[in-house]
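Accompanying notes for the structure given below.
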Amino acid sequence: MTSLIIILLSAILVNNFILAKFLGICPFLGVSKQVETAVGMGAAVTFVMGLASAITYVVQYAILVPFHMEYMQTIAFILVIAALVQFVEMVIQKTSPSLYQALGVYLPLITTNCAVLGVAIINISAGYNFIETIFNGVGGALGFTLAIVLFAGIRERMVTSPIPKSLDGFPIALVSACLMAISFLGFQGLL
Amino acid sequence: MVGELITPVFWLGIMGLIFGGGLAYASTIFAIEVDEKVPMIRGVLPGANCGGCGFPGCDGLAAAIVAGDAPVNACPVGGANTAKKVAEIMGLNADLTDRKVARVLCNGKNENCTEKFIYYGVKDCKEAMIASGGSKGCQYGCMGLGTCERICPFDAIHVTADGIAVVDPEKCTACGKCIDACPKFIISLVPASKGVHVDCSSKDKGKDVKDVCTVGCIGCQICVKNCPEKTISFANNLAKIEYAGCTECQICVQKCPTKAINSQLKKLDEAANS
């Protein structure tokens with residue numbers, strides 16, 4: 001039980017996918033203009049990452065390993081993720097058209113969100129069992145959500161701040177993302 | 001050897017089939033009823049995705065028209081023809097508005113307007129704007145470096161040999177891209193049917209205008225006093241024709257001491273002859 005909590009906390013804070021591993025930067029910068037859409041994106045990514053972790057674990061140990069096809073890992077995992085993203089897209093389009101509009105092109109881009117493929121591959125290479133895999137996947141996604149929502153809060157404030165014109169837009173966003181990453185480094189001593 | 005090849009193909013194929021089947025099933029559960037009018041309207045819209053209507057692209061406008069958020073003639077690019085087709089699909093009569101075109105409100109050709117200095121920089125109005133607002137003597141004048149020409153999706157605005165940009169009213173679709181691109185803010189939408197315009201944007205005092213340009217509005221207000229329809233207003237040292245009341249009598253054109261008010265005489269002559 002303790003090890004599961006450690007995995008969860010480590011995935012959320014210490015090994016935060018965005019701020020410590022620098023995976024999934026594209027949606028992090030793209031969908032972080034409003035807290036509301038950031039929460040929606042976080043929820044979509046959490047769903048995809050959690051489910052992708054579970055399914056890729058099954059695919060790895062039920063199909064790839066028995067048939068000695070470990071080298072097909074990337075393709076098989078991408079297939080799983082792409083199908084999941086399609087599914088999430090359908091669900092969101094049906095349940096919340098406004099969120100669908102707000103997420104825009106970044107929703108199908110979860111397919112190529114390296115954090116999702118990253119968590120699947122890290123799960124396998126770290127040798128986690130099924131339960132640990134799910135905790136790591138959900139934890140990583142929660143860490144992603146935490147980072148993107150905090151960042152969206154900062155960017156909402158930035159809109160009304162007097163920012164020098166040369167820094168306006170992406171430059172100041174990248175600078176503040178960098179400062180966030182440095183502050184998250186403080187969690188390194190946690191475990 | 002063959003087995004090594006077939007195994008991955010087989011298993012990945014099975015996985016693909018399972019996911020594909022699952023998605024096909026999910027798509028029937030989560031199917032969204034799209035109004036069939038949307039793709040039909042999208043079909044008759046020009047498809048330039050210029051955003052001139054204020055909606056995000058032609059898809060956005062088509063959805064807005066069907067939802068009733070936009071009038072059938074909301075597309076400024078397609079004009080009357082598109083409005084008619086959209087109205088047919090929607091089963092409405094098109095309440096057609098007057099077509100508008102962009103117009104560069106400056107006649108500061110090289111022969112009319114002085115230069116402050118010789119500009120050797122990048123041939124772009126926005127770049128030149130950084131260099132003391134461009135080399136043109138008049139700070140409100142068209143610099144003629146063609147930022148509008150390059151941004152126009154319809155090849156309707158060109159910098160002439162005289163050094164100012166001129167809109168071709170035939171090709172102009174009033175999408176508004178040049179209006180946003182012009183760093184001097186001197187391009188406006190005007191009714192295509194009207195032929196008399198104040199071709200000056202200078203808000204300077206009369207003497208300052210006269211020093212740099214021979215065809216600028218000097219704020220004498222002769223046109224305001226002489227207009228029989230009282231449809232010329234005056235603010236910020238600049239006369240402005242309220243097009244709604246203009247009858248194209250051309251009295252202002254004759255009275256203007258600097259010829260800042262232009263009429264498209266050729267067009268009016270043709271109308272008179274026919």
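So that the names make sense, note that chain A is the first sequence line, chain B the second, and so on, each numbered from 1. Just so you know, these numbers use all the heavy atoms, side chains as well, and skip hydrogens, waters and symmetry mates.
Minimum interatomic distance between B:Pro8 and A:Met72 (heavy atoms only, all atoms of both residues): CB-CG, 4.1 Å. Nearest approach of B:Leu23 to A:Phe87, heavy atoms of both residues: CD2-N, 3.7 Å. Taking all atoms of both residues into account, the shortest heavy-atom contact from A:Leu79 to B:Leu12 is CD2-O, 4.1 Å.
Heavy atoms of A:Ile55 lying under 4.5 Å from chain B belong exclusively to its side chain. Of the two parts of A:Val59, only the side chain, counted from C-beta on, holds a non-hydrogen atom closer than 4.5 Å to a non-hydrogen atom of chain B.
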Could you pull out every donor-acceptor pair under 3.5 Å between side chains of residues 169-176 of chain A and any protein atom, sequence neighbours left out?
from	atom 1	to	atom 2	distance (Å)
A:Ser176	OG	A:Ile172	O	2.6
A:Ser176	OG	A:Ala173	O	3.1

Counting distance alone, with no hydrogens or angles, which donor-acceptor pairs between chain A and chain B are under 3.5 Å?
from	atom 1	to	atom 2	distance (Å)
A:Lys94	NZ	B:Ala31	O	3.1

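For the options A:Val91, A:Leu64, A:Leu84, heavy-atom pairs under 4.5 Å to chain B are most numerous at A:Val91.
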